[in-house]
Participant: 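Shown below is the structure under consideration.
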Amino acid sequence: MQNNRILVFGCIGQVGWELRHKLACLGPVTAIDYPQIDLSKPDSIRATVRAAQPAVIVNAAAYTAVDKAESEPELAMAINGTAPGVIAEEAKRLGSLLVHYSTDYVFDGAKQCPYVETDAPNPINVYGKTKLAGDQAIQAVGGDFLVLRTSWVYGARGSNFLLTMLRLAKEKPELRIVDDQIGAPTSSECIAQATADILAQLLAAAGGGLGECSGIYNLTSAGETSWFGFAKALLAQSAAAFGFTVPSLIPIRTSDYPRPARRPANSRLSCQRLAKTFGIAMPPWEDALSLVLETLVEGASPDNPR
Ligand SMILES: NC(=O)c1ccc[n+]([C@@H]2O[C@H](COP(=O)([O-])OP(=O)(O)OC[C@H]3O[C@@H](n4cnc5c(N)ncnc54)[C@H](OP(=O)(O)O)[C@@H]3O)[C@@H](O)[C@H]2O)c1
C-alpha cells in the first residue's frame, strides 16, 4: 500500500460512526455519508474515490430499511447490490483494500446450526437479495477485499432494537417480542473495533496484497439469543439506571408479528474463520451489551436518548 489514507462511507450510520473513531489511530480518515456521496450514483462513487486516493476504503453505507426495501427494490439494489461492485472496481484500480459489511439475511435461516462463510446463500427478502448481490459483485471484481457479515446491529446511537426497546419500556406496561428468531446481537462498537484490529494487522504487514485472506468473514458477537432474550437482558440491566419498571414481556412467534419482509429463523454465524485468520475473538453478546448500556447511562453518547 502506497499510503495509509482511509476512506469511510456511511459515517453517520451505526457502524460508520464508530469506525471513524476506531480507525483514527491507523491513518488519516476521510469519513463521509449521504449526500456528500450517493451510492445510488456510480459517478458519485468514482469521483469520491479518485479524489481521495485511499489505501483502504471501508463501506459502512447501505440501504438498511429491511421492510421498506420490499417496496423500493430498485433503490435498495442500486445502493446494496450495484454500488459495492463499483467501489470494488475503484479499489482494485488503486490497489487499495476494500472492507465491506454484509448480513446474516443472505441466508434463509433453515440451517440448524451456525452458518459458515461457504454455506450457500438463499435470501428470503429483498434486503437480503440486494446485500447478496453486493457480496457477489465484490467477489466478481476480485482485488483485495474483506466482506464482513454481521447480524442484529445495535449501539448507543442510530436506529436499532435496543433504543426502540428502551423507548417502548417507558411507554408501555407490556411488550410482545419475537422469540423464535435466533442470532447474535452485535454492537456497532464491537464491529468497528474488530475492523480496526484487522486493519492494524494488514497495514503493519510489509507490502503485498491480502492474497488468500481476501474473502468473506462472519463477524458477530459470541453466543446466541432470541429477540425476546435480548430484550429481557437489556431491560433488566437498564431499568434501574434509566428509572423505569421493566414491562411485562410476552414471547411471541414471528407469525404473530407480521412484517412486510420475511426474516430468517436462524441468524447464527460461525466466526471461526475470523478467529483463525486474524486471531480475533468477538466478545459474548452479554458483555458487549453491558458496555453499550454503560455508554448510554454515562451519557457518553452525543445522541443519548434519555
Ligand atoms: N443494522 C443491522 O441490523 C445490520 C445487520 C447486518 C448487517 N448490517 C450491515 O452493516 C452495515 C452497517 O449497517 P448500519 O446498521 O451501521 O447501517 P445504518 O445505521 O443504516 O447506516 C447506513 C448509512 O448509510 C447511509 N446511506 C443510505 N443510503 C445511502 C446512499 N445512497 N449513499 C450514501 N450513503 C447512504 C445512511 O444514510 P441515511 O441514514 O441518510 O439513509 C446511513 O448513514 C451495512 O452494510 C448493513 O447492511 C446491518
Side-chain angles (χ1 to χ4, degrees), residues 7-22 31-49 57-69 72 74-84 86-87 98-107 109 115 121 123 125-135 137-138 145-164 181 183-192 194-195 216-221 227 230 261 263-264 267-269 271 285 292 303:
L7 179 59
V8 175
F9 294 152
C11 67
I12 299 174
Q14 297 189 85
V15 174
W17 181 266
E18 299 290 341
L19 279 170
R20 72 170 162 191
H21 302 294
K22 299 284 183 193
I32 59 173
D33 206 309
Y34 183 87
Q36 283 173 285
I37 183 167
D38 185 350
L39 290 199
S40 70
K41 298 191 166 58
D43 286 348
S44 167
I45 299 168
R46 292 193 184 100
T48 303
V49 175
I57 303 171
V58 185
N59 179 33
Y63 183 112
T64 56
V66 174
D67 289 315
K68 202 172 167 200
E72 287 189 336
E74 290 87 6
L75 180 60
M77 186 58 87
I79 296 168
N80 293 347
T82 307
V86 178
I87 301 171
L98 168 61
V99 180
H100 175 78
Y101 299 95
S102 184
T103 171
D104 52 306
Y105 282 15
V106 299
F107 297 113
Y115 284 94
N125 59 40
V126 167
Y127 169 75
K129 286 177 186 158
T130 64
K131 291 296 291 183
L132 176 60
D135 298 358
I138 291 170
F145 70 88
L146 299 172
V147 171
L148 305 175
R149 282 191 179 142
T150 189
S151 67
W152 296 18
V153 179
Y154 72 97
R157 65 186 304 285
S159 170
N160 61 60
F161 182 84
L162 176 138
L163 296 180
T164 301
Q181 294 170 29
T186 305
S187 78
S188 48
E189 198 264 344
C190 285
I191 295 168
T195 304
I216 298 175
Y217 292 84
N218 294 338
L219 171 65
T220 66
S221 274
W227 291 111
F230 186 35
R263 264 79 171 167
S267 279
R268 292 171 296 166
L269 304 178
C271 296
W285 67 266
V292 172
D303 287 345

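For ligands, and for the atoms within them, numbers begin at 1 and follow the listed sequence.
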Participant: Would you say Ser44 and Asp38 are linked by a side-chain donor-acceptor pair, where the criterion is simply a distance under 3.5 Å?
Facilitator: no

Participant: Hey, is ligand 1 close enough to Gln14 that some N/O pair sits below 3.5 Å?
Facilitator: yes

Participant: Got an N/O contact under 3.5 Å between Ala61 and ligand 1?
Facilitator: no

Participant: Please round to the nearest 0.5 Å and tell me the distance separating atom CG of Asn80 and atom CG of Leu132.
Facilitator: 11.0 Å

Participant: Give me the nearest non-hydrogen protein atom to atom 20 (O) of ligand 1 as residue plus atom name, then the distance to 0.1 Å.
Facilitator: Thr64 OG1, 2.6 Å

Participant: Would one find an N or O of Val153, backbone or side chain, under 3.5 Å from an N or O of ligand 1?
Facilitator: yes

Participant: Does any N or O atom in Tyr63 lie less than 3.5 angstrom from one in ligand 1, N or O only?
Facilitator: no

Participant: Do Phe161 and Tyr154 have ring centres separated by under 6.0 Å?
Facilitator: no

Participant: Taking the six-membered ring for Trp and the full ring for Phe, Tyr or His, determine whether the centres of Trp285 and Trp152 are under 6.0 Å apart.
Facilitator: no

Participant: Has Thr186 got a side-chain atom pairing as donor or acceptor with Ser221's backbone, closer than 3.5 angstrom?
Facilitator: yes

Participant: Ligand 1 and Ile12, any nitrogen or oxygen pair closer than 3.5 angstrom?
Facilitator: no

Participant: Please check this pair: side chain of Thr220 against backbone of Ala184, looking for a donor-acceptor N/O pair closer than 3.5 Å.
Facilitator: no

Participant: Can you tell me which portion of Ile79 lies within the under-4.0 Å heavy-atom range of ligand 1? Options are side chain, backbone, both, or neither.
Facilitator: side chain

Participant: Which distance, rounded to the nearest 0.5 Å, do you find between the CG of Leu98 and the CD1 of Ile57?
Facilitator: 6.0 Å

Participant: Compute the minimum heavy-atom distance from Tyr127 to ligand 1 and say whether it is under 4.0 Å.
Facilitator: yes

Participant: Counting heavy atoms only, name the option from Tyr34, Tyr105, Tyr101, Phe9 that's nearest to atom 29 (C) of ligand 1.
Facilitator: Tyr34

Participant: Mark whether atom 17 (O) of ligand 1 lies under 4.0 angstrom from at least one protein heavy atom.
Facilitator: yes

Participant: Looking only at protein heavy atoms, which one is nearest to atom 45 (O) of ligand 1, and how far off is it?
Facilitator: Lys131 NZ, 2.7 Å

Participant: For Gly13 and ligand 1, does the shortest N/O to N/O distance drop below 3.5 Å?
Facilitator: yes

Participant: Please say whether Ala62 places an N or O atom under 3.5 Å from an N or O atom belonging to ligand 1.
Facilitator: yes

Participant: Could you tell me whether a side-chain N or O of Tyr115 sits under 3.5 Å from a main-chain N or O of Pro121, the two making a donor and an acceptor?
Facilitator: no

Participant: So, Asp104 versus Ser267: side-chain donor-acceptor pair below 3.5 Å or not?
Facilitator: yes

Participant: What are the two closest heavy atoms between Thr103 and Tyr105, and how far apart are they?
Facilitator: OG1-N, 2.8 Å

Participant: Closer than 3.5 angstrom, by distance alone: can the side chain of Lys131 be matched with the main-chain N or O of Tyr101 as a donor-acceptor pair?
Facilitator: yes

Participant: Taking the side chain as every heavy atom from C-beta outward, state whether Asn59 and Val99 have any pair of such atoms under 4.5 Å apart.
Facilitator: no

Participant: Closer than 4.0 angstrom: is that true for some heavy atom of Ala60 and an atom of ligand 1?
Facilitator: yes

Participant: Using a 3.5 Å cut-off on N or O atoms only, is Asp38 in polar contact with ligand 1?
Facilitator: yes

Participant: To which protein heavy atom is atom 6 (C) of ligand 1 closest, and what is the distance rounded to 0.1 Å?
Facilitator: Thr150 O, 3.3 Å

Participant: Is any N or O atom of Asp104, backbone or side chain, closer than 3.5 Å to an N or O atom of ligand 1?
Facilitator: no

Participant: Would a 4.0 Å cut-off, counted as strictly less than, catch a protein heavy atom around atom 24 (O) of ligand 1?
Facilitator: yes

Participant: List the closest protein heavy-atom neighbour of atom 30 (C) of ligand 1: residue, atom name, distance to the nearest 0.1 Å.
Facilitator: Leu39 N, 3.6 Å

Participant: Backbone N or O of Val147 within a donor-acceptor pair of the Arg149 side chain at under 3.5 Å?
Facilitator: no

Participant: Record the part of Arg149 in heavy-atom contact with ligand 1 below 4.0 Å; permitted values are side chain, backbone, both and neither.
Facilitator: neither

Participant: Working to the nearest 0.5 Å, report the span between CG of Leu19 and SG of Cys11.
Facilitator: 9.5 Å

Participant: Considering non-hydrogen atoms of the protein only, which is the closest contact for atom 38 (P) of ligand 1, and what is the distance?
Facilitator: Asp33 OD1, 4.8 Å

Participant: If you count the atoms of ligand 1 from 1 in the order shown, which ones are under 4.0 Å from a heavy atom of Ile37?
Facilitator: 32 (N), 33 (C)

Participant: At the 4.0 Å heavy-atom cut-off, does Ser102 count as touching ligand 1?
Facilitator: yes

Participant: State which residues pass ring-ring contact (aromatic ring centres under 6.0 Å, His included) with Tyr63; sequence neighbours excluded, sorted by chain then number.
Facilitator: none

Participant: In the complex you have, is atom 40 (O) of ligand 1 within reach of the protein, judged by whether a heavy-atom distance drops under 4.0 Å?
Facilitator: no

Participant: Answer yes or no: does an N/O atom from Ser151 fall short of 3.5 Å to an N/O atom of ligand 1?
Facilitator: no

